[in-house]
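FYI, side chains are in, hydrogens and waters are out, and symmetry mates aren't considered; it's all heavy atoms of this structure.
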Amino acid sequence: MAEITPSLLVLSAHAGDFVWRAGGAIAAATLRGERATVVCLSYGERGESASQWLQGKALDEIKAIRRGEAEAAASALGAAVEFLDLGDYPLRETPDAVAALVDVYRRVQPTVVLTHPLTDPYNGDHPAAARMALEARVLAQAIGVANSDGSFPTKETIIGAPPVFFFEPHQPEQSGFVPNVLLDITDAFPAKRAAMECLPAQKHMWSYYTDLAVRRGVQVKRNAGPNLGLAHDTMGEAYMRYFPQVTGLLE
């Protein structure tokens with residue numbers, strides 16, 4: 001059996017979401033030599049760019065700024081990044097948007113998918129992105145579902161069933177987020193911090209997500225047990241697995 005190349009796909013509603021919520025996972029993957037692809041469904045040009053609007057910048061200029069920031073952040077994480085420019089506030093769920101994501105799944109062939117959880121009362125764009133990510137994942141598995149250009153996939157281009165992990169929302173208690181996966185990102189955190197610093201318009205988030213990584217790192221150590229010898233400065237990220245884990249061994 002041919003060895004499957006690890007491929008991480010991160011579907012982000014806005015141009016900054018992937019950095020705060022999954023930057024550690026992305027950097028950890030690329031540090032292992034794996035492929036990581038980030039897809040930003042929008043630039044976050046309307047809802048997450050207040051400082052640019054207050055400076056009197058035009059919409060196209062704001063999009064260009066956010067794109068540049070996201071490209072720099074993805075580079076710091078070692079990931080490729082793509083932009084669908086679907087618009088935000090609101091991010092609309094449309095057949096064309098889902099079809100574009102089907103194309104992404106088939107091209108990227110992810111072995112792991114990260115996206116937003118299905119509930120976020122503070123930002124409807126986030127669950128909209130999650131719903132489209134999940135719908136496209138299912139459709140991308142079906143050989144009878146055409147690509148966006150009308151052609152049909154082959155058995156080589158349809159995808160399998162990659163696990164989906166929801167990353168942590170900004171206010172988890174209000175979003176029904178109960179993590180069941182804790183990821184050690186200690187070695188990857190310097191790259192995550194560098195990526196965060198590529199987003200100066202949201203500088204207030206730098207300390208928030210650094211502190212969150214410390215708190216999740218404490219939980220990583222507590223749940224891993226003392227015999228693993230984890231460092232006191234362990235940093236972590238929290239995730240919820242959406243589909244059941246398939247395994248031949250409980251460990």
Side-chain angles (χ1 to χ4, degrees), residues 4-41 44 48 66-83 104 108-117 126 129 133 162-170 172 177 179 181-221 223-224 228 230-241:
I4 298 175
T5 303
S7 175
L8 176 65
L9 175 61
V10 184
L11 299 176
S12 179
H14 310 112
D17 293 333
F18 72 94
V19 178
W20 318 118
R21 294 159 172 81
I26 297 167
T30 61
L31 285 171
R32 293 190 298 268
E34 300 172 6
R35 290 189 296 118
T37 305
V38 175
V39 177
C40 297
L41 277 63
E48 299 187 351
R66 295 307 307 272
R67 182 184 182 112
E69 291 175 351
E71 288 174 338
S75 178
L77 298 172
V81 65
E82 304 175 15
F83 304 90
V104 168
V108 172
Q109 293 289 308
T111 52
V112 175
V113 177
L114 307 181
T115 193
H116 301 267
H126 295 161
V164 177
F165 297 88
F166 297 145
F167 41 63
E168 185 164 5
H170 193 62
F177 183 84
V181 177
L182 295 168
L183 182 68
D184 185 344
I185 62 165
T186 306
D187 292 340
F189 187 77
K192 178 172 182 174
R193 178 70 192 201
M196 289 196 291
E197 293 179 3
C198 293
L199 305 174
Q202 294 175 286
K203 189 173 182 178
H204 60 286
M205 305 277 263
W206 299 359
S207 60
Y208 181 94
Y209 279 96
T210 298
D211 292 343
L212 180 59
V214 171
R215 294 198 301 274
R216 291 306 189 190
V218 171
Q219 295 170 353
V220 167
K221 290 185 293 183
N223 285 276
L228 294 184
L230 293 174
H232 290 294
D233 59 351
T234 299
M235 307 292 268
E237 283 177 346
Y239 293 86
M240 283 180 65
R241 186 179 181 119

- Message: Suppose the criterion is salt bridge (Lys or Arg N to Asp or Glu O under 4.0 Å): which pairs have a residue in residues 196-207, not counting sequence neighbours?
- Response: R193-E197

- Message: Per the salt bridge (Lys or Arg N to Asp or Glu O under 4.0 Å) rule, what does the pair list look like for residues 19-41, sequence neighbours excluded?
- Response: D17-R21, R32-E34

Nearest heavy-atom pair of [X] and [Y]: which atoms, and what distance?
X	Y	answer
V113	P162	CG2-CG, 4.0 Å
A79	V38	CB-CG2, 4.2 Å
L199	W206	O-NE1, 3.4 Å
G44	R66	O-NH1, 3.3 Å
V220	G236	CG2-CA, 4.2 Å
G24	A188	O-CB, 3.5 Å

Do the side chain of [X] and the main chain of [Y] share a donor and acceptor less than 3.5 angstrom apart?
X	Y	result
S7	V108	yes
T30	L77	yes
E48	G16	no
W20	M205	no
S12	C40	no

Between atom [atom1] of [X] and atom [atom2] of [Y], what is the distance when rounded to the nearest 0.5 Å?
X	Y	atom1	atom2	answer
T234	I185	OG1	CD1	10.5 Å
T37	I26	OG1	CD1	10.0 Å
F166	L114	CZ	CG	11.0 Å
K192	Y209	NZ	OH	8.0 Å
L183	M235	CG	CE	12.5 Å

- Item | With sequence neighbours excluded, residues passing side-chain hydrogen bond (donor to acceptor under 3.5 Å, both in side chains) with T111 | none

- Query: Got a sec, which residues hit side-chain hydrogen bond (donor to acceptor under 3.5 Å, both in side chains) with S75, two or more places apart in sequence or on another chain?
  - Reply: none

side-chain contact (heavy atoms from CB on, under 4.5 Å) partners for [X], two or more places apart:
X	result
Q219	L182, R216, N223
P163	V112, F165, R241
A194	A76
P172	E168, P169, F177

Would you say the side chain of [Y] lies within less than 4.5 Å of the side chain of [X], judging by non-hydrogen atoms?
X	Y	value
E237	P179	no
L11	F18	no
V10	T115	no

Under the rule for ring-ring contact (aromatic ring centres under 6.0 Å, His included), what residues qualify as partners of [X], not counting sequence neighbours?
X	result
H14	H126
Y239	none
F167	H116

